[in-house]
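One structure is given here, and the rest of the page talks about it.
Values below: all heavy atoms of this structure, side chains included; hydrogens, waters and symmetry mates excluded. In this text the structure is predicted, and so the values were computed from the model without any measurement.
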Amino acid sequence: MAIQRGLKTVIGDCYEKFTGTEKRIADYFLGNPSDTDFSSGTVAKLLYVSEASLSRFAQKLGYHGYREFIYEYTKTVEEDARLDQLTQESIQRYEMAVEKTREIVDNEQMIRIARCLDEKKRVFVYGVGSSSLVAREFEYRYVRLGLDVEALCDHNEISQNLTRVNSSCLVIGISLSGATTEVIDGLKNAHDKGAMTVLMTMVKTMKLDYADEIVHLAHVKNLTVSHIISPQIPALIMVDVLYTHYINYDKDKKMGRLQETLDNIAFKMEK
């Protein structure tokens, strides 16, 4: 049984603010119950809570009362009945990543970095492990628009790249944990050489002298251990947001470059 898009995220974000009773109610609805009777009387008896507790729970989520909450909860049940619980859980994790990105994305920051991509002569993207997939995707997406960008994805590549870094460069480091030695050291060294530096991380509290911009990524429970969905998903979402802003500047010229790239690929495939 699927919960309306975004509702699980809201419950999860409020979870630590709930009382013990409210957490019991939250666990019930987060667990995709198979029940069909969600009347306040029935659910109150099932969970050994009062109907007033259900009402307070709903109000903490921003609803006027339990009736409004349960209406939102149940209105997508029939249309998603064809999906089993495992499929629903996978999709809901993706939805949660999108919802959390919507909450934390800094629109002005995206504009600043997009402009920097336009202004700098060369762009280097550092990422190892699962983050290397994001770095490669970044290179693949942006190089088709004519950007001089290169992904570097292991310790030797990042270390040896230092001689090419200068004040005309933008260096983007991707570290979900904010503690990937190769990436952090690479950013520090790039900053010391006068390059513009950007760190993409899930760690909300990071304040670094060597990162001119810290792009906070959506944090989904157990994501870093690849539980349910791939750990690089929030970073890929943010890369796409940045891509949308970047292509918006001098759009006709960039779309022309993209079309040239696609035409060249099509020509080679026909040969």
What closest approach, in Å, do [X] and [Y] show between heavy atoms, and which atom pair accounts for it?
X    : Y    : answer
M202 : A218 : CE-O, 3.5 Å
A195 : V165 : CB-CG1, 3.7 Å
K17  : K60  : O-NZ, 3.5 Å
V128 : C153 : CG1-O, 3.5 Å
V203 : G178 : CG2-N, 4.2 Å
Y142 : L242 : OH-C, 3.4 Å

So that I can tick it off, tell me whether D118 and K254 are bridged by a salt bridge, with the cut-off set at under 4.0 angstrom between side-chain N and carboxylate O.
yes
Salt bridge K100-E103, side-chain N to carboxylate O under 4.0 Å
no
Evaluate the criterion side-chain contact (heavy atoms from CB on, under 4.5 Å) for residue pair L147 and Y246; output intermediate values, then yes/no.
CA-CA 10 Å; L147 186 67; Y246 174 72; 3.6 Å; yes
Is there a path from [X] to [Y] through hydrophobic residues (I, L, V, M, F, W, Y) whose side chains come within less than 4.5 Å of each other?
X    : Y    : value
Y243 : L217 : yes
V149 : M255 : yes
I70  : L46  : yes
I111 : V241 : no
I158 : L133 : no

Measure from the side-chain N and O atoms of N189 to the backbone N and O of D185, and report whether any donor-acceptor pair falls under 3.5 Å.
yes
Heavy-atom donor-acceptor pair, K193 side chain to L162 backbone, under 3.5 Å
yes
Would you compute the distance between atom [atom1] of [X] and atom [atom2] of [Y] and round it to the nearest 0.5 angstrom?
X    : Y    : atom1 : atom2 : value
S131 : R136 : OG    : CZ    : 12.5 Å
L152 : I172 : CG    : CD1   : 12.0 Å
E182 : S132 : CD    : OG    : 11.0 Å
H216 : I104 : NE2   : CD1   : 8.0 Å
I247 : D252 : CD1   : CG    : 10.5 Å
I214 : T197 : CD1   : OG1   : 9.0 Å

Hey, mind stepping through E119 and L170 against side-chain contact (heavy atoms from CB on, under 4.5 Å) and telling me if it holds?
CA-CA 9 Å; E119 294 166 358; L170 167 62; over 6 Å; no
Heavy atoms, side chains only, cut-off 4.5 Å: are M200 and V239 in contact?
yes
So do I113 and M196 actually touch side chain to side chain, heavy atoms under 4.5 Å?
no
Can you tell me how the ring of Y66 sits relative to the ring of F29, calling it parallel under 30°, perpendicular over 60° and tilted otherwise?
tilted
If you apply the rule side-chain contact (heavy atoms from CB on, under 4.5 Å), what do you find for H245 with L117, and how did you get there?
CA-CA 10 Å; H245 282 280; L117 286 168; over 6 Å; no
Donor-acceptor pair between D192 and Y210 side chains, under 3.5 angstrom:
no
Would L187 and H191 count as a side-chain contact (heavy atoms from CB on, under 4.5 Å) here? Give the steps.
CA-CA 6 Å; L187 285 180; H191 186 268; over 6 Å; no
Per ring-ring contact (aromatic ring centres under 6.0 Å, His included), F57 is matched among Y15, Y73, Y28, F18 by F18
